[in-house]
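Accompanying notes for the structure given below.
Just so we're on the same page: letters track the sequence lines, and every chain starts at 1.
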Amino acid sequence: MTELTDEQIALKDTARRFTERHIIPNLEEWEETGRLPRELHRVAAAQGLLGVGHSEEVGGEGGTLLDACAMQEGFMEAGASGGLMASLFTHGIAVPHMIAHGSPHLIDTYVRPTLAGELIGSLAVTEPGGGSDVAGITTRAQRDGEDYIINGSKTFITSGVRADYVTTAVRTGGTGHSGISMIVVDSNTPGFSVTRELRKMGWHASDTAELSYVDARVPAQNLIGELGQGFYYIAEQFVVERIFLALMGYGHAARALSLAAQYCKDRITFGKPLVANQVVRSKLVEMHRQVEVARTYTLEVARRHVAGDNVIAEACLAKQTAVATAVDVTNEAVQLFGGAGYMHGTEVERHYRDARLLPIGGGATEVLTDLAARLLGYS
Amino acid sequence: MNVVVCVKQIPDPADPGALDPNTKTLKRDGKLILDESDSYGVEMALQLVDAAGSGEVTLVSMAPNGEVSGLRTALAMGAAKAVLVSDDALAGSDALGTSKVLAKAIARAGEADLILTATESSDGYTGTVPEQIAELLQLPSVTFAKEIAVDGSTLKVQRQTEAGYDEVECPLPAVVSVTAGVVEPRYPSFKGIMAAKSKPVDQVTIADLGIDAASVGWAGAGQEIVEIAQAEAREAGTIIEDDGEAFAQVVKFLDDLKVV
């Protein structure tokens, strides 16, 4: 059963109205300037939106992944951009390792202020030398007394320019999975710097950084959980991250479909609305079908995850399904808008650009397909 | 300070359904939502209780089939409890019948320092219920409030007028209708939404309120809907292409309307 509960529908409505009031009037400006104001994090937190899906013990609002899914649907339905979602909800990938394995010190210092909208966190795993190959990271943390000294670099780090701290994957041991740990690095640490603010095809409202760590000295108490467990901590969170990216995928698609359908009813060509043409109706209904399949499958995988099932393979497949839907449907929406759809500033054009990131970010489709193949026994 | 807010649960204006051809009234058998025009009164009540530092907001509503969806929205905003009157005998109630029921329900809600309503509902638009409730409860009636302050046992209201506003004072308790748009209704938070699930809704029938079935519903309605007709479609406006002289046409247009 993937229908939302009455409470989830109410939460979705709150998210939709919040987006319409606080985001949409400013979104074009944020897309232009390439970053969100800190105040938006505070306002969203005051409304309780940053804490949904995180327990009250760590400063969250409570609720499950399914509640967070309903909320995210509300944002996307109201026309939020991919960059907005990635940037406002970066804590969704920055704090879960701390919540699951971190000390009370880390919870109080980083998690609570982040869920209160006072701090901005980001997650740094990817390095210039390798994207989805998490086990191959080379950024090294060397123990020195009560500190770790970190050297290395990270790239494609969402919210990395604005971040107050970066949850960083580092190598503390030998090669491979077991040599990786997670540590929290304050962005004002000497030796830590943002070396470049990266410009992207889409996700314009999200700042993306290249980070450098040169003899960055970080207290050992900032280590998350146990030494050498970092890879597993990261992998634990992948299911949720992939489900959120799948949600973003069908969210883009559903919004683009809605905009295209209205346009096709309003746009008169050759003396009749576009939608009076069978070929147009066929496109719209095919887009609708893809959105329905992606949404149903994604929410079902989310439901099974909340129920405690192992859905690592299914989360890969849900992401693949939904991001392929996002790419296809936004492409068709631009096509239906014709020349207007190719114009910068048209909302469907933005969804088209934003959607293109999804088969790459959070695990490339090719990597996830291979992972699913192994997990499902096709090897 | 205890505030009672009368709220109506109406068919979603985004999906308004249809009129019943026999009764000539709006079909209300589906899911209902909180009338947006009532959300301003709820917000104002919550602010007044916050400012007073004690007390609570109680909702009063009348709806068919025990419908509570709209009430849950207002409870999620922060109201403490609700009284819902739901009774088959209420079908067809006119404005006065509705006022009789709401007045009794308000009395059941407990001691109230203030009763707030919208100026009119978004699906009925009679705009007479607030004044009728005041009369039935023998309380002062103040209408079209844009700002409300409480000073001891005195109510100070800025009453919206076409030219600006009047300053009105009256003793508490009183019945005040709140103009739409004068405050920014809060959105229910997730915690509020979850808490609303367990807030008490006292569902009662007209018998519980001591109301004679003959005085409400179709039986008691003094008002009859004799005909319903499609509203005339709005005429298309005039589009002026600006060739650098458009301002002159705009000025002429306004001049013809005698507004400049």
* **Portion of D13(A) that has a non-hydrogen atom of chain B nearer than 4.5 angstrom** => neither
* Structure fact -> In terms of heavy-atom pairs under 4.5 Å with chain B, the winner among D67(A), L49(A), V52(A) is D67(A)
* Rounded to the nearest 0.5 Å, what's the gap from CG on D6(A) to NZ on K31(B)? Could you check? => 4.5 Å
* Taking S69(B), A76(B), P188(B), S189(B) one by one, which has the highest count of heavy-atom pairs under 4.5 Å against chain A? -> P188(B)
* Distance in Å, I193(B) CD1 paired with K12(A) NZ, rounded so as to fall on 0.5 Å steps -> 13.0 Å
* Asked: For atom CD of Q158(B), is the number of surrounding heavy atoms from other residues, nucleotides or ligands below 6.0 Å larger than 12?
  -> yes
* **Heavy atoms of other groups near E36(B) CD, more than 12 under 6.0 Å** => no
* With rounding to the nearest 0.5 Å, note down the distance linking CE in M194(B) to CD in Q8(A). => 8.0 Å
* To do: Tell me, yes or no, whether the heavy-atom count around D88(B) atom CG, taken from other residues, nucleotides or ligands under 6.0 Å, exceeds 12.
  => no
* **Close side-chain approach of M71(A) to F190(B), heavy-atom, < 4.5 Å** => no
* Asked: Between Y187(B) and R21(A), which heavy-atom pair has the shortest distance, and what is it?
  -> OH-NE, 2.9 Å
* E56(A) versus chain B, heavy atoms under 4.5 Å apart: side chain, backbone, both or neither? -> side chain
* Presence of salt bridge, E7(A) and R72(B), under 4.0 angstrom -> no
